[in-house]
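Everything on this sheet refers to the single structure shown next.
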2 protein chains.
Amino acid sequence: MKEKITIYDIAAKLNISAATVSRALNGNTKISDTTRKLVLEAAENMNYEQNKLALALKSGKSKNVGVIVPHIDRSFFSGVIRGIEEELNSNGYRVIICQSYDTEEKEIESINALLNAQVDGILMSISNLTSDLDYILNKTVRKGVPLIFFDRKQDLKGVSTVTINDYEGGYQSTQHLINEGCKNIAHLRGSKRLEIYNDRCKGYKQALLDNGFEFKEEYVIETKSKIDEGAEAVQKLFKLPTPPDAIFSSSDFVALGAIKELKKMGVKVPEEFSVVGFGNDPFTQFMELSISSVDQFPTEMGKITAKVFLEQINSPGEIKIEKKVVLTPKLWIRKSSTKKDV
Amino acid sequence: MKEKITIYDIAAKLNISAATVSRALNGNTKISDTTRKLVLEAAENMNYEQNKLALALKSGKSKNVGVIVPHIDRSFFSGVIRGIEEELNSNGYRVIICQSYDTEEKEIESINALLNAQVDGILMSISNLTSDLDYILNKTVRKGVPLIFFDRKQDLKGVSTVTINDYEGGYQSTQHLINEGCKNIAHLRGSKRLEIYNDRCKGYKQALLDNGFEFKEEYVIETKSKIDEGAEAVQKLFKLPTPPDAIFSSSDFVALGAIKELKKMGVKVPEEFSVVGFGNDPFTQFMELSISSVDQFPTEMGKITAKVFLEQINSPGEIKIEKKVVLTPKLWIRKSSTKKDV
DNA sequence: TTATTTTATGCAATCGATAACATTAATTTT
DNA sequence: AAAATTAATGTTATCGATTGCATAAAATAA
């Protein structure tokens, strides 16, 4: 009742060799129709199921792909994973999940574990504390294991990346706020160690400059994407000689915290103050005061990341040129930044 | 540069047998300190890394666990997965994710794929279309692969389950609404095929009866946990001769849809109408009109599910008695159901 | 000093599937 | 009908690690 059927069992039953069974099951042409039928029938009857582990060991391909994200229970990342899973599953790959908790230690631990498990590739969003990328490279790309970054990338030789155009997202958001008539736009940014936040900030700055606005250092505050920090940032901003009248936040959560604080302070959003977030987290549209936000299309990003991986793994030859896919973000304009009715 | 180091490479270098290398690496006692040191040193120098695939094939344990959820990008499920991952990772297991999309077809496909991949166990929340549970049982438990249901369970011989007390959640929510002075409480429930929704409904009914209220069939509407259905349900309810003055919803999304519709209709929440949701989705607390909701503690549920699995897999002997863990839910009382200020 | 036990190591099989090579049987060519 | 192909199947090694059994060497007992 418990024993598992192998090709040897089938071979024994039919008095043929395991090799023949294997050939029959794999549609090899060098086999007679008679035996093929016999084998297929026996396999069916005996409930044979291929042991992928044995296949993996033999072929050197586990058909498993590792995915590392800071936290899986963040809507953006779970959306990406959804996309990855959808795309890879239909291509015969399984997805192994690891969380880095935004620490380099866990990240390296995960990479090692995944490599030991012989994954065929690693798709990841780096933690904002990652410093030793060379270590990761040595373990993966240089040993022939495809590595692909999504969203939180870093430009490395041999590493393909899939991101959205964060610069564009920052630019658009800021331009939108300017169009709405805002005069003093602050920016709540994320860690300086991550490209995505640097790019969003650059977009913000350029939009200001292109419109003849001044870029003020004191209007840019670094946060860790927590709600509370949005509130704190607002406090800080309102202590300035000229408080801003708008915020472009690199995080929806921070935007939310800011809005709550503004409300508490009696500042009316969007009449007196406009806010735009980033990420298009589901909650942004649920609020009565819905929050404008930049959509990063997580599921699409996941699918494309998976596709880039598949392309890479299926490309013959050794010379793999890294691919840099940049998706276009979309700003959803909602109530939090619209003085006139939408 | 690309070749992977095996114990044979180490053995060759040291002029000893692979068996000895294996013993040295595994801390076997039957080995001299000299050779052990030599091996460990060589392994270090040569950057040896164990191939878990080979180990898995040999031992019959892949150290991989499959997790099947309807959708990974739903906050409840991603929370559970987070908990599972945390608990299992620190025990040397990897987590393979599959989505059933709430279809039986995908569910069965996933189970087969996971079993082929030789996972050591399967943790799942069944889809609301699952009918052929016997098929699943035959593939797993009866062949010795532990199967554990979390949240969306079904009582089966040999299958452990981890759930919250849905009855209690339904009872508490309804009692709370009664305490708030609501007289006609409707219930927006989920699929009748899932125990969780039946239990929540039972709790709702019992609370009504215990308080001398009448249970009315027409006050119970089945939904699929979509926002729109909350709005539709409200429409229906207000066409009744006696429209309700409160809703206990089995889903936060449906509750949200209901609240939005009520607002559109000019019904004041919570003054004239109270709403309680289920799931404690993050957005419920972000809303200006925060939504009361029942917390299912997803991460804890995930951790406990993982623990139950570990217990089971580590328990010696064949007789595995199924374990039924029931967590206690917590009703977070927020604005949507509080007439007096909180 | 010889017999016995202990310690350290090697040999070979195993997990399940695949594939290069070898071999037999069947078919075609001349 | 003999020679040359071709088709179908078997043999065996392999992927990398573990382990029961055998064996040689060293240590202890008699």
Side-chain angles (χ1 to χ4, degrees), chain A residues 2-40 42-43 46-64 92 115-120 143-145, chain B residues 2-40 42-43 46-64 92 115-120 143-145:
Chain A
K2 224 172 152 181
E3 71 279 356
K4 286 183 182 155
I5 306 298
T6 72
I7 52 171
Y8 294 94
D9 299 321
I10 300 178
K13 181 153 214 165
L14 299 178
N15 254 316
I16 55 177
S17 77
T20 304
V21 175
S22 172
R23 280 189 276 254
L25 292 170
N26 289 299
N28 192 309
T29 49
K30 302 202 160 193
I31 199 168
S32 74
D33 279 351
T34 333
T35 29
R36 178 193 323 267
K37 263 189 212 148
L38 237 46
V39 170
L40 259 35
M46 301 170 77
N47 287 313
Y48 168 75
E49 269 159 24
Q50 193 189 42
N51 184 330
K52 301 276 185 196
L53 227 48
L55 179 57
L57 177 59
K58 182 79 212 315
S59 68
K61 312 246 155 268
S62 67
K63 285 283 187 168
N64 283 152
L115 292 173
N116 283 165
Q118 309 295 121
V119 292
D120 295 342
K143 278 194 186 138
V145 179
Chain B
K2 222 174 155 181
E3 72 280 354
K4 288 183 183 156
I5 305 297
T6 72
I7 52 171
Y8 294 93
D9 299 321
I10 300 179
K13 182 154 218 164
L14 299 179
N15 255 314
I16 57 179
S17 76
T20 303
V21 175
S22 171
R23 282 189 274 254
L25 292 171
N26 289 298
N28 192 309
T29 49
K30 302 201 162 193
I31 198 171
S32 73
D33 278 353
T34 334
T35 29
R36 160 167 307 122
K37 261 189 213 151
L38 237 47
V39 170
L40 259 34
M46 301 168 79
N47 287 313
Y48 168 76
E49 270 159 25
Q50 193 190 41
N51 183 331
K52 301 276 185 195
L53 228 46
L55 179 57
L57 178 59
K58 182 79 212 316
S59 68
K61 314 246 154 266
S62 67
K63 286 284 189 167
N64 282 153
L115 291 174
N116 284 164
Q118 309 296 118
V119 292
D120 294 343
K143 277 193 188 139
V145 179

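The shown structure was predicted, so the numbers you read here are calculated from the model rather than taken from an experiment. Per chain, numbering begins at 1; letters A, B, ... match sequence-line order. These values consider heavy atoms only, across backbone and side chains, with no hydrogens, waters or symmetry-generated copies.
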For [N], does OP1 or OP2 lie under 4.0 Å from any side-chain N or O of [X]?
X: B/Tyr48; N: D/dA17; value: yes
X: A/Thr20; N: D/dT9; value: no
X: B/Ser22; N: D/dT18; value: yes
X: B/Asn26; N: D/dT18; value: yes
X: A/Ser32; N: D/dA8; value: no
X: B/Gln118; N: C/dG16; value: no

How about A/Thr6 and A/Asn51: do any of their side-chain heavy atoms sit closer than 4.5 Å?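 Counting from C-beta outward, A/Thr6 and A/Asn51 never come under 4.5 Å.
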Quick one: [X] [atom1] to [N] [atom2], roughly how many Å, whole number?
X: B/Asn51; N: C/dG16; atom1: CG; atom2: C1'; result: 15 Å
X: B/Ile31; N: D/dA25; atom1: CD1; atom2: P; result: 18 Å
X: A/Tyr8; N: D/dT11; atom1: OH; atom2: C1'; result: 11 Å
X: B/Arg36; N: C/dA8; atom1: CZ; atom2: P; result: 9 Å
X: A/Lys37; N: D/dA8; atom1: NZ; atom2: P; result: 14 Å
X: B/Leu53; N: C/dT18; atom1: CG; atom2: C1'; result: 15 Å
X: A/Ile16; N: D/dA8; atom1: CD1; atom2: P; result: 14 Å

Could you check A/Thr6 against B/Lys58 and say which one's nearest nucleotide on DNA chain C is further toward the 5' end?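 The residue closer to the strand's 5' end, by nearest nucleotide, is B/Lys58.
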More 5' along DNA chain C: B/Ser59 or B/Val21, using each one's nearest nucleotide?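 First, find each residue's nearest nucleotide; the 5'-ward one identifies B/Val21.
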Looking at every strand, decide which applies to B/Ile7 at a 4.0 Å heavy-atom threshold: base, sugar-phosphate, or nothing.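 B/Ile7: base contact, heavy atoms under 4.0 Å.
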Which is true for A/Asn15 with a 4.0 Å heavy-atom rule: it touches a base, it touches only sugar-phosphate, or it touches nothing?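 Sugar-phosphate: the residue A/Asn15, judged by heavy atoms under 4.0 Å, touches backbone atoms but no base.
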Looking at D/dG20, D/dT18, C/dT18, which one has an atom nearest to any side-chain atom of B/Arg23?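 Selected nucleotide (nearest to the side chain): D/dG20.
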So which nucleotide from D/dA17, C/dA17, D/dG16 ends up closest to the side chain of A/Leu57?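 Selected nucleotide (nearest to the side chain): D/dG16.
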